[in-house]
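Residue numbering restarts at 1 for every chain, and letters A, B, ... go by the order of the sequence lines.
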2 protein chains.
Amino acid sequence: MKIGKLSTLTGVSIRSLRYYEKQGLITPERLTNGYRDYSPLTVHTVKTIKLYLNLGLSTEQIAGFLTCVLQNKEAFCLEVMPIYRQKLAEIERQIVELNQIRANLLDRMAFVQLEANLNTE
Amino acid sequence: MKIGKLSTLTGVSIRSLRYYEKQGLITPERLTNGYRDYSPLTVHTVKTIKLYLNLGLSTEQIAGFLTCVLQNKEAFCLEVMPIYRQKLAEIERQIVELNQIRANLLDRMAFVQLEANLNTE
DNA sequence: ATAAACGCTGACATTAGTGTCAGAGTCAAG
DNA sequence: CTTGACTCTGACACTAATGTCAGCGTTTAT
């Protein structure tokens, strides 16, 4: 199929499909006129890429295990583990940081509110 | 004082001091030779800017209430509240999203680990 | 045959604060 | 007077995925 159809079938923009190709995630054939020609299997591939991108993984990280994941039905691929661990650590670090900022904001808001109340008494 | 001294006193790079100026957060005088000439009070101003940047606020947001905050000792400035509220909402949205990803990652890691264990039995 | 719809490549923009460099002017101490 | 330290402006880079546009070729339907 051509790129427009793949785009509608996957909900991924044509621009992004070309980008994924440049990042080595998909490698379509070419028709004689130069148009990209995708296998029907690519629909699944692109949806898989989408899924990992939504996990916050980069295209480079995804490239590291995509082939394995696509061949072996599920996660028989041990190479995903270090990436998952790294991402998990990163996420948890961010959560801690955000919670600190959140606590700080709440403190400050309470303080401002307190001042406002004093002024209305 | 000149920019180098302000930089060392605040721990903020010269580059960033010039950027804050461009964003309207600080407005130093100029010596006859064109060098920036900062009041000693600017040290406090810059530290305050740093504090708000660390809360994740943008220079544009900070510009909205910095003058008030600097004049009135603490947070008598009600204009900070909407910005705090907005930031808090944003932070909490991010925390929720990160927690979803975290749960998803943990699920997947458990699943991969399970497969690995099955293969060693 | 022509127009509309589709595809191609390449390039620039986006975000926001910071690093870094070039080329030039200024100043202080020796 | 010269050298080194300081300052100035302006510009490009960065991160990473996506949007968007220009300019051009191709296909399809009328």
Under a 4.5 Å side-chain heavy-atom rule over Ile, Leu, Val, Met, Phe, Trp and Tyr, are A/Val43 and A/Tyr35 clustered together? no
Expressed in angstrom and rounded to an integer, what is the separation of A/Arg36 atom CZ from C/dT9 atom C1'? 9 Å
B/Leu55 CG to C/dG17 P: how many Å, rounded? 14 Å
For a quick check, tell me whether the side chain of B/Tyr35 and the base of C/dG25 share a donor-acceptor pair closer than 3.5 Å. yes
Check whether B/Lys87 reaches the backbone of B/Leu57 with its side chain - one donor and one acceptor, N or O, closer than 3.5 Å. no
In whole angstroms, the gap separating P of C/dC8 from CD1 of A/Ile14 amounts to 8 Å
To the nearest 0.5 Å, what is the distance between CD1 (A/Ile83) and CD (A/Glu60)? 9.0 Å
Using whole Å, report how far CG of B/Asn54 lies from C1' of C/dA16. 15 Å
Within this structure, what is the CG-CD distance for the pair B/Leu53 and B/Gln61, rounded to the nearest 0.5 Å? 10.0 Å
Starting from P on C/dT9, measure out to CZ on A/Arg15 and report it in whole angstrom. 12 Å
I'd like to know if the side chain of A/Asn99 and the backbone of A/Ile95 have a donor-acceptor N/O pair within less than 3.5 Å. yes
Between B/Lys2 and B/Leu53, which is nearer to the 5' end of DNA chain C once each is assigned its nearest nucleotide? B/Leu53
Under a 3.5 Å distance rule, please check whether B/Ser7 uses its side chain to pair with a backbone N or O of B/Ile3 as donor and acceptor. no
Distance check needed: C/dT15 P versus B/Leu57 CG, whole Å only. 18 Å
Distance check, rounded to the nearest 0.5 Å: A/Leu70 atom CG versus A/Ile49 atom CD1? 7.5 Å
Between C/dC27, C/dG17, C/dC8, which nucleotide has the shortest distance from any of its atoms to the side chain of A/Ile3? C/dC8
Rounded off to whole Å, could you give me the CE-to-P distance for the A/Met1 and C/dG7 pair? 12 Å
B/Asp37 side chain to B/Met1 backbone, donor-acceptor under 3.5 Å: yes
I want to check one thing: is the phosphate of C/dC8, taken as OP1 and OP2, less than 4.0 Å away from some side-chain N or O of A/Arg18? yes
Answer yes or no: does a side-chain N or O of B/Tyr19 lie under 4.0 Å from OP1 or OP2 of C/dG17? yes
Provide, to the nearest angstrom, the distance between the CG atom belonging to B/Leu31 and the P atom belonging to C/dT26. 13 Å
Aromatic plane relationship, B/Tyr84 with B/Tyr52 - under 30° parallel, 30 to 60° tilted, over 60° perpendicular: tilted
Want to settle it: does B/Lys22 or A/Ser16 sit nearer the 5' end of DNA chain D, counting the closest nucleotide to each? B/Lys22
Kindly compute the distance separating CG (A/Asn33) from NZ (A/Lys2), expressed to the nearest 0.5 Å. 7.5 Å
Axis deviation across the helix from C/dA1-D/dT30 to C/dG30-D/dC1, five-pair ends, to the nearest 10°: 30°
Walking along DNA chain D from 5' to 3', note the first and the last nucleotide with an atom under 4.0 Å from a heavy atom of chain B, and give both. D/dC6 to D/dA11
Should A/Arg30 be listed as having a side-chain N or O under 4.0 Å from OP1 or OP2 of C/dT9? yes
Determine: side-chain N/O of B/Ser13 to OP1/OP2 of C/dG19, distance under 4.0 Å, yes or no. yes
